[in-house]
Participant: 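Okay, handing you the structure first.
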Amino acid sequence: MTAQEKFPPHNVFSSERTALKIGGTALLALTFQSLGIIYSDIGTSPLYVLNGIWPASGPAPPKEDVIGGISAIIWSLTLIPLLKYIFIVLQFGTKEGEGGTFALFQGLFPPDVHNDDDDRALTGDSAFLRAHSTRSSSEKLAPIKWPLLAWTLFGTSLSIADGILTPAVSVTSAVGGIAIAKPSVINHIAPISIAFLVVLFLAQRFGVAKLGLTFAPITLIWLLLLGGTGIYNITRYPGIFRAFDPSRLVLFFVRTKHYDYLAGILLAVTGCEAVFANLGQFNKASIRLGFSCFVYPMLVLAYLGQGARLIADGDAVMSNIFYATIPGPVGGGLYWLSEFSGLSTSLLFSQLSLIASQAMITACFSLIQQLVGLRSLPPLRMIYTSETVQGQVYFPVVNYLLMIGTIVMVAAFKDLANLTNAYGFAVSTVMFVTTSLVAIQAYYTKHLPLVVAVGFFLIFGFFDGLFWGASLRKVPHGAWVPLMIGFVLMVCMVFWTWGKGLEDEFDGMNRKNLRHFIVVDESEDSREKKIRKRLTSTQASSKPGTLTYVAGDTIKSAADGEDADADADAEDGDDTTEGSIKAHRTLYLVPEEETQPRRQLARLPTCAVFHKLTSGRGVPHTFYGFLRQWPSLPRVVIFLSVKTMNINRIPPEERYVVSKVRTLQGFYGVTYALGFRDDFNMDVNEIIERICTLESRVGANDEAAAMANIKEIRAAAKQTTHIVPHYHVVSHGILGFGFLNAPIAWCRALLIEGLYRRFATMFPETENWLGSADEIIRVGINAEI
């Protein structure tokens, strides 16, 4: 027989998430939903782009300049959102279907994939699965992993900063447009914008699916109106079609020698990064279908129409080019929409101001989900909002922080021009980060020819560099804001990644094989000697800690933690045994030092659920520390792992998978499988029923003994305690730097013990799922990292 029995015998679900693949009407429905989310940012750019190039306070530009400027906009839309992002960059999303700059880094350094069954294996080594090709590419890039991580997190931080700036720019632009029809609004733009923003962020709790279906019809009407008004306005000057000639944009910059125009043209492609970052909310097919077949043509028509009216009417439309070029008298624009649908112009613009902000808000949620999952941010409460798309999530704390930041931006930037300067710098920097990471991944992960990777970087890096250079000149005029936000967020995320990585490394090195420190009966003296040799030969550190109760029912260690090797070898095959083991055999704890005697482990008539917070074989280091100071064992010991599966809901009868350690009585590994829409509601009684069913199968040859064993298990389960492991991290000493040892050690201790340890306590790993605190004991041990 094997060392473990499992019930049910086969896994039904997988925790490995895959990209969403759909077709037919479902794809069309998802494409329609994406209109209200992904394209709300780039789709509302016509509100302010032309005035971003030619300020309202200046004179109308000459005809050739207008044609050249519109040509620059059209070709920017074609090269960057359409060609670069829609047709190329979307191919570089993760296998889970996520996008954004951090997803590109994950493609270069994918996380270790643990087998779900390994989490229930208490007598083996921690193991993971990794593709050979991926491993080789990761190893080649290992020397520059941390610089690449910092670069990636800087781009991700700027995307989050974009999530603050986008709502501020979009809402204030739309409210400023209302002021044309209603001049009384001009002095109240900030408070009206803030009111709209509060409504928008409070609505996020309803989720992407509901917001998408709400906003999609409005965005559809909006884009159709853009295209329709564009066609109407083109009739005022059909010569605007010369803008399709790329030589016009070259002549435009040669003639004007005005490099700063690029900062205004950049506003036409803002939102393209949101398209990639929102990949996890939808899928590649829906994004490509929506943009290339509908959004792109409507935007091109809109800009052509605005350019035609600017040539035809000149100074008459300069005050606000978008609103002044809407057909009809001032205050009566969009009269056909009002006549047929009853919507007022003000109402439509207020709705658009909310929709325009949605793309980057949902993109931020996707990015935060990746950062938390890859342990570059602390665990945050996350809510899945869709029954079908696992990537559609909502973070309450992130939502409210974005709301506060956006309101501060609106209140602080009285001049819309300075706000758009800040906005443009964030967008251009993220675009350049994306280009560099795609080029690296193209060669190392996709294994494309070097010339392809270099060519991609040189071509699109050139365009991104032009926009970035123009935006850099705006740093003194507002662009310093996203730079500051991005730098602060990057430093915080690099710090957390470093600290969490050290803690995880300690956990992995000290994860123990259960049979390496618990033995059965005095007769196993020879095995104990082998175990002692294995433990002491690779011991890394060592003084037993003293566990004491502290406030909040937390047990911590008062001395340095210990680090013992839990490597298994061929002797693990000793776990295999014929027949069921005899009940009530005495268990002993094997000490690490040979001079110390074995300690008998008394069995208590209770049940303890030890929560495993990290993946892999073996038991947490804290469990050994707990036994070392409290030499007793509950009659039933359950090591519980929680897994979120790739379906929305799992039937209650299929949520638990139980494994039994055959050679150590009363030890069980349990996987609690949750659908991504299921609430955490772990039922100990259901687990006990599974254990009893498993015991009855294992003890089929001795029914009387099996029934007595089951009776003991049920009695013990009447008193159940949940035990959660916790590391009290301390910094190890520093050697090899001479007279710098002391200051480096002091700085390291300040970072790890003064900052990381405090934040790790504030953001526990159980943030998203653990139940009542009354049933929990937190067991801690010093971890020298």
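Values below: all heavy atoms of this structure, side chains included; hydrogens, waters and symmetry mates excluded.
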Participant: Between Phe252 and Tyr261, is the ring centre distance below 6.0 Å?
Facilitator: yes

Participant: Can you confirm whether Phe282 sits close enough to Ile37 that some side-chain heavy atom of one is under 4.5 Å from a side-chain heavy atom of the other?
Facilitator: yes

Participant: Take atom OH of Tyr259 as the centre, draw a 6.0 Å sphere, and report whether it contains more than 12 heavy atoms from other residues, nucleotides or ligands.
Facilitator: yes

Participant: Ignoring hydrogens and angles, state whether a donor on the side chain of Arg511 or Thr614 is under 3.5 Å from an acceptor on the partner side chain.
Facilitator: yes

Participant: Taking all non-hydrogen atoms of both residues into account, name the closest pair between Gly280 and Glu98 and its distance.
Facilitator: CA-OE1, 3.6 Å

Participant: Which atom names give the shortest non-hydrogen contact between Tyr443 and Leu448, and what distance separates them?
Facilitator: CD1-O, 3.5 Å

Participant: Please assess Ser615 against Lys643 for the test side chain to side chain donor-acceptor pair (under 3.5 Å), listing each intermediate value before the final yes or no.
Facilitator: CA-CA 10 Å; Ser615 296; Lys643 290 290 184 180; 3.1 Å; yes

Participant: Just wondering, are more than 12 heavy atoms of other shown residues or ligands nearer than 6.0 Å to OH in Tyr756?
Facilitator: yes

Participant: Checking Ser286 against Asn283: is there a side-chain donor and acceptor pair closer than 3.5 Å?
Facilitator: yes

Participant: What closest approach, in Å, do Tyr39 and Ile287 show between heavy atoms, and which atom pair accounts for it?
Facilitator: OH-O, 2.6 Å

Participant: Got Gln370 and Glu96 here, is their nearest side-chain heavy-atom distance under 4.5 Å?
Facilitator: no

Participant: Please determine whether the number of non-hydrogen atoms from other residues, nucleotides or ligands lying under 6.0 Å from atom NZ of Lys446 exceeds 12.
Facilitator: yes

Participant: Any heavy-atom pair between the side chains of Ile88 and Phe460 that's under 4.5 Å?
Facilitator: yes

Participant: Could you go through Ile361 and Gln204, starting from their C-alpha distance and side-chain angles, then the distance that decides it, and tell me whether this counts as side-chain contact (heavy atoms from CB on, under 4.5 Å)?
Facilitator: CA-CA 9 Å; Ile361 295 174; Gln204 296 303 312; 3.6 Å; yes

Participant: Determine whether Arg748 and Leu751 make a side-chain contact, defined as any pair of heavy atoms from C-beta on separated by less than 4.5 Å.
Facilitator: no

Participant: Of all heavy-atom pairs between Val208 and Thr385, which one has the smallest distance, and what is that distance?
Facilitator: N-OG1, 3.6 Å

Participant: Using a 3.5 Å distance criterion without hydrogens, assess whether the side chain of Arg255 forms a donor-acceptor pair with backbone atoms of Glu64.
Facilitator: yes

Participant: Any idea which heavy atoms bring Gly163 and Cys364 closest together, and the distance?
Facilitator: CA-SG, 3.7 Å

Participant: Under a 4.5 Å cut-off applied to non-hydrogen side-chain atoms, are Asn399 and Leu402 in contact?
Facilitator: no

Participant: So, do Gln369 and Phe395 sit near enough that their side-chain heavy atoms are less than 4.5 Å apart?
Facilitator: yes

Participant: Show your reasoning for whether side-chain contact (heavy atoms from CB on, under 4.5 Å) applies to Phe253 and His258.
Facilitator: CA-CA 6 Å; Phe253 287 104; His258 205 325; 5.9 Å; no

Participant: Within this structure, what is the CG-CG distance for the pair Leu108 and Leu149, rounded to the nearest 0.5 Å?
Facilitator: 11.0 Å

Participant: Within a strict 4.5 Å, meaning less than it, do heavy atoms of the Thr101 and Glu273 side chains meet?
Facilitator: yes

Participant: For the pair Phe105 and Gln441, evaluate side-chain contact (heavy atoms from CB on, under 4.5 Å) and give the outcome as yes or no after the intermediate values.
Facilitator: CA-CA 8 Å; Phe105 179 82; Gln441 193 180 140; over 6 Å; no

Participant: Backbone N or O of Ala673 within a donor-acceptor pair of the Thr671 side chain at under 3.5 Å?
Facilitator: no

Participant: Has Asp464 got a side-chain atom pairing as donor or acceptor with Ser428's backbone, closer than 3.5 angstrom?
Facilitator: no

Participant: Is the shortest heavy-atom distance from the side chain of Gln358 to the side chain of Leu211 under 4.5 Å?
Facilitator: yes

Participant: Distance check, rounded to the nearest 0.5 Å: Leu158 atom CG versus Leu153 atom CG?
Facilitator: 11.0 Å

Participant: Pair Lys84, Thr435 - check side-chain contact (heavy atoms from CB on, under 4.5 Å), show working.
Facilitator: CA-CA 9 Å; Lys84 175 185 169 182; Thr435 297; 2.6 Å; yes

Participant: Report the distance from atom CG of Leu613 to atom CG of Asp504, rounding to the nearest 0.5 Å.
Facilitator: 10.5 Å

Participant: Under a 3.5 Å distance rule, please check whether Gln390 uses its side chain to pair with a backbone N or O of Phe676 as donor and acceptor.
Facilitator: no

Participant: Counting only pairs under 3.5 Å, give me each side-chain donor-acceptor contact of residues 290-301, with atom names and distances, residues two or more places apart or in other chains.
Facilitator:
from: Ser292; atom 1: OG; to: Arg288; atom 2: O; distance (Å): 2.5
from: Tyr296; atom 1: OH; to: Thr78; atom 2: OG1; distance (Å): 2.5

Participant: Can you give the donor-acceptor pairs under 3.5 Å from side chains of residues 486-498 to other protein atoms, not counting sequence neighbours?
Facilitator:
from: Trp496; atom 1: NE1; to: Leu377; atom 2: O; distance (Å): 3.4
from: Thr497; atom 1: OG1; to: Ser376; atom 2: OG; distance (Å): 2.9
from: Thr497; atom 1: OG1; to: Met493; atom 2: O; distance (Å): 2.7

Participant: Taking all atoms of both residues into account, what is the closest heavy-atom pair of Leu148 and Leu437, and its distance?
Facilitator: CD2-CD2, 4.2 Å

